[in-house]
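Residue numbers begin at 1 in each chain, while the letters A, B, ... track the order of the sequences.
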Amino acid sequence: MTGKSTLNADEWRVADPDRPSDLLAREQLLEMYYFTRLAREVEERLVILFRQSKVIGGLYRSLGQEGESVATAYALQRRDAVLPLIRNMGALMTMGVRPIEIFRQYMAKGTSNSRGRDLNIHIVHMPAPDTHEPVIVGPISMLGDSIPVAAGIAMGARMRNNPRVAMAWIGDGATSTGAFHEGMNFAAVQKIPLVVVAEDNKYAYSTPISQQMAIKRIDERAESYGIAHELVDGNDMLAVYDVAKRMVESARAGHGPQLIGIDTMRMQGHAQHDDARYVPKTLLDEWTAKDPLRRFRQVLIERSIAGDRELDYIDKMAKDYAAREADLAVDEPMPDPATVTRGVYAGDDYAVPRIELVKSPFARVSAGLKTRPTQEEVS
Amino acid sequence: MSGGSKDPPYTSAFIMAVITYLEAIRQALFDEMSADERVFVMGEDVGAYGGAFKVTEGLQDKFGEARVIDTPISEIAIVGSAIGASYMGMRPVCEIQFIDFIACCFDMLTNFAATSRYRNGAGVPIVVRGPCGGGVGGGPFHSLNPESFFLNTPGLKMVEPSTAYDAKGLLKAAIRDDDPVLYFEHKFLYRRIKDEVPDEDYIVPLGKAAVRCEGSDLTIITFGAMVHTALDAAKQLEADGVHAEVLDLRSLAPLDREAILASVAKTSRVLLLYEARRTGGIGGELAAIIAEEAFEYLDAPIMRIASEDAPVPYAPPLEAAFLPTVDKVVEGARKLVEY
Ligand SMILES: Cc1ncc(C[n+]2csc(CCOP(=O)(O)OP(=O)(O)O)c2C)c(N)n1
Ligand SMILES: [Mg+2]
């Protein structure tokens, strides 16, 4: 099982079976751009709320990683399961989580999915089996734990004859945990349809990846489990989508778990309190030039998918939407202290607000649209 | 000892068979897997081999490899994937080969499973079961009684049967429960204890203690294998005219406060008997409940008899010195009634 590097992805070609992104319609490409911009704008709003002391606790940005988050999740079907981490705001936007849910969580509102019991993106969505909605299981803080749970979700869905691919994201640091190892190995022997997105963003808090693993490529973590793996330029959204899509379909077809290694960079400190002075400026400069959103925009313009005017409009749409959602959430009430012991056990549940899922402005158009032809169709 | 408590009632409608504690656990698994296709078993060597103690023997033949899963030696993956599968509507029963290894998945249980419902309303209906307890020369890593490690974790339930009747009824109740249940089965009892167990479907509800022997002079509150130690002690005390009541907790979380307080109100003297180490054990919590809520009934200090504060030793003379014994219980009880 040799990992194939798709760093420096080739030029765009029509309907190459290795490049599922060739099949993306214009509206889908714009939708990916929109989700990426929306993830960034939601976080920009969170920064404002954080500075106003309205965010309770820490704030973690995914600046520079929004593209890989969106492009991996975009490879899923709507019914699949996602287990994002703190830096996967893009995945949550892609699966249709309404931004207000994020603001509520970060401000510990009583209206939030966790009703102020848990932090940031620690949200859970369990759709009824027959609905066309994703399973969303936010992380707990113990890094690595999502991997065995993700394996169990995909295994359990298979046992219930209601199969779903599970996608779980994990940082370079978290790939050093025992939970990661056990989950990967278990998924491999059980041939579970699990796709793991391992993000090498060069640091785990202040610890550089060289202190985290003695291998050069994060995707090689998968080798000893017999899990298919590839490394991809994480700031090239279409390259990420291509690998992710192939892996998701391979997992769905019964070929077992897959791991996609993401070469990217955490562009800010671990959280807002961390000025990241341990990161060399040259490294940041190098990656600033590779900003995924700017690069994707460039691709869209070069391929005449959209012009600056249209893309500026999408930018504004995302920014305004994030602002409106933040404003709505700000005035919502905090949880009632009298509920502090409610819902520890079954039988004492009280209403858990269901996560509101929304469609993007592009969804209606892209759903009915014929995508680009495949090679067979062309010839 | 004869089977079970006064509840639920025995009726002639039940076909009763005398079976071992171990066989009762196996029957519960068979019954629940037959009745509910969502129930499945996973663990190390549970498949064709039938488990280290043969609890799951025959299960894979009947239900197949998809429902009786041999896992890698990965307690985190066993419990973690069980959590995930339970989210999808399954009812996993995880076997921990020796309960000592539950330490390896402590995080999954206490941080993930126990908090899930409280955080986001996502229940985790899993059972994690395995052989606990000493007295068999198991040494420091095959003799653990881990209940106090979990007692401080709301969201988990815990049970430990002392009879075959309860072993079956509690396991069925645990599997049907919508919360994560830790089910400790005492390996000393596996093949030593036999009692009458109905073939018909029944459960022993979680959270309900049982009076195993009525008395008026003191209450011995205990559970698991120590129930039998307490009953032996009660017999000896009886010869001296001391009437000990033995209360079998059966559920360690939630505790049956009502039954505890009722018995204390009746006897006014309490001996807390548990096989885990004394310090920080469940006896401390029981003592606090009794001191807080039944202080005025007490005629003597609350006494704890438990294992010594040391790792579980291996050599038989060391282990004998380490564990609570009938003699220690009799001596303690005498002190209490003479106080
Ligand atoms: C098991 C565990 N140990 C320690 C921590 C504290 N912690 C939170 S995030 C973090 C760094 C994570 O680095 P990485 O996995 O590379 O993800 P990144 O933050 O780079 O996205 C640490 C050490 C934790 N959350 N979980
Ligand atoms: Mg990292």
Side-chain angles (χ1 to χ4, degrees), chain A residues 81 83 113-115 117-119 122-126 129 135 137-138 140-142 144-160 162 164 166 177-190 192 341-355, chain B residues 37-40 42 65-67 69-92 94 104-108 110-126 153-157 176-181 206-207 253-254:
Chain A
L83 293 94
N113 174 252
S114 77
R115 298 137 302 149
R117 281 117 185 269
D118 200 359
L119 323 160
H122 296 198
I123 56 176
V124 172
H125 184 70
M126 293 293 168
V135 170
V137 175
I140 70 165
S141 294
M142 288 66 204
D145 282 13
S146 294
I147 303 298
V149 174
I153 286 173
M155 180 177 78
R158 183 170 69 188
M159 289 169 128
R160 298 292 285 155
N162 194 3
R164 302 174 196 259
T177 61
F180 171 80
H181 166 74
E182 290 195 12
M184 295 295 284
N185 185 56
F186 178 75
V189 295
Q190 289 292 329
I192 289 170
T341 59
R342 295 289 308 281
V344 177
Y345 293 101
D348 184 36
D349 298 300
Y350 77 105
V352 178
R354 285 183 70 73
I355 290 172
Chain B
E37 61 177 22
R38 300 171 307 167
V39 180
F40 72 100
M42 64 196 303
E65 285 177 27
R67 289 181 72 195
I69 302 172
D70 275 324
T71 68
I73 304 171
S74 296
E75 283 74 14
I76 301 172
I78 292 169
V79 174
S81 62
I83 294 169
S86 80
Y87 281 158
M88 295 296 97
M90 299 299 290
R91 296 257 157 179
C94 306
C104 301
C105 51
F106 187 78
D107 163 55
M108 272 296 174
T110 58
N111 288 321
F112 215 122
T115 63
S116 180
R117 179 181 296 282
Y118 185 70
R119 291 182 292 118
N120 305 97
V124 178
I126 65 172
T153 304
L156 297 179
K157 294 180 177 174
R176 296 176 198 182
D177 198 82
D178 289 332
D179 287 313
V181 183
L206 306 187

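Only the backbone of B:Glu75 comes within contact range of chain A, judged by heavy atoms closer than 4.5 Å. For A:Val149, the parts lying under 4.5 angstrom from a heavy atom of chain B are both the backbone and the side chain. Looking at B:Ala122, only its side chain comes within 4.5 Å of chain A, counting heavy atoms on both sides. With a threshold of 4.5 angstrom between heavy atoms, A:Val344 approaches chain B through its backbone and through its side chain. Only the backbone of B:Leu156 comes within less than 4.5 Å of a heavy atom in chain A; its side chain stays farther off. Contact of A:Arg158 with chain B is not made at all, since no heavy-atom distance falls under 4.5 Å.
A donor-acceptor pair is defined here as one N or O able to donate and one able to accept, closer than 3.5 Å; such a pair exists between the side chain of A:Arg117 and the backbone of B:Tyr118. When atom types are taken as modelled, the side chain of A:Tyr345 and the backbone of B:Asp179 share no donor-acceptor pair closer than 3.5 angstrom.
When A:Met155, A:His125, A:Met184, A:His181 are compared by the number of non-hydrogen pairs under 4.5 Å with chain B, A:Met155 comes out ahead. Note: B:Gly89 leads B:Ser116, B:Gly89, B:Ser86, B:Gly123 in heavy-atom pairs under 4.5 Å with chain A. With chain A as partner, the option from B:Glu37, B:Arg67, B:Met90 having the largest number of non-hydrogen pairs under 4.5 angstrom is B:Met90. By number of non-hydrogen pairs under 4.5 angstrom with chain B, the leading residue of A:Gly183, A:Ala157, A:Ala151, A:Ala154 is A:Ala157. The residue among B:Ala66, B:Cys105, B:Ser74 with the most heavy atom pairs within less than 4.5 Å of chain A is B:Ser74. Comparing B:Asp177, B:Ile83, B:Asn111 by how many heavy-atom pairs each has under 4.5 Å with chain A, the most go to B:Asn111.
The shortest non-hydrogen separation linking A:Pro148 to B:Met108 is CG-CE, 3.8 Å. Between A:Arg164 and B:Met88, the shortest heavy-atom contact is NE-SD, 4.1 Å. In this structure, A:Ala346 and B:Asp178 approach most closely via the heavy-atom pair CB-CB, 3.7 Å. A:Gln190 and B:Asp70 get closest at one heavy-atom pair: NE2-O, 4.1 Å. Heavy-atom minimum distance, A:Met159 versus B:Ile69: CE-CD1, 3.9 Å.
The closest side-chain heavy-atom distance from B:Ile73 to A:Glu182 is not below 4.5 Å. Residues B:Pro72 and A:Phe186 have side chains in contact (heavy-atom distance under 4.5 Å, counting atoms from C-beta outward).
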From CA spacing to verdict: side-chain contact (heavy atoms from CB on, under 4.5 Å), A:Met142, B:Phe112
CA-CA 9 Å; A:Met142 288 66 204; B:Phe112 215 122; over 6 Å; no
Working note: A:Val137 + B:Tyr87, criterion side-chain contact (heavy atoms from CB on, under 4.5 Å); need CA distance, chi angles, decisive distance, verdict.
CA-CA 9 Å; A:Val137 175; B:Tyr87 281 158; 4.0 Å; yes
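Note that the CZ atom of B:Arg117 and the CG atom of A:Asp348 stand 9.5 Å from one another [nearest 0.5 Å]. Atom CD1 of B:Ile76 sits about 7.5 Å away from atom CG of A:Asp145, to the nearest 0.5 Å. Interatomic distance, CZ of B:Arg119 versus CD1 of A:Ile140, reported as 6.0 Å (0.5 Å rounding). Of the inter-residue distances, the one linking B:Ser81 atom OG with A:Ile153 atom CD1 reads 10.5 Å to the nearest 0.5 angstrom.
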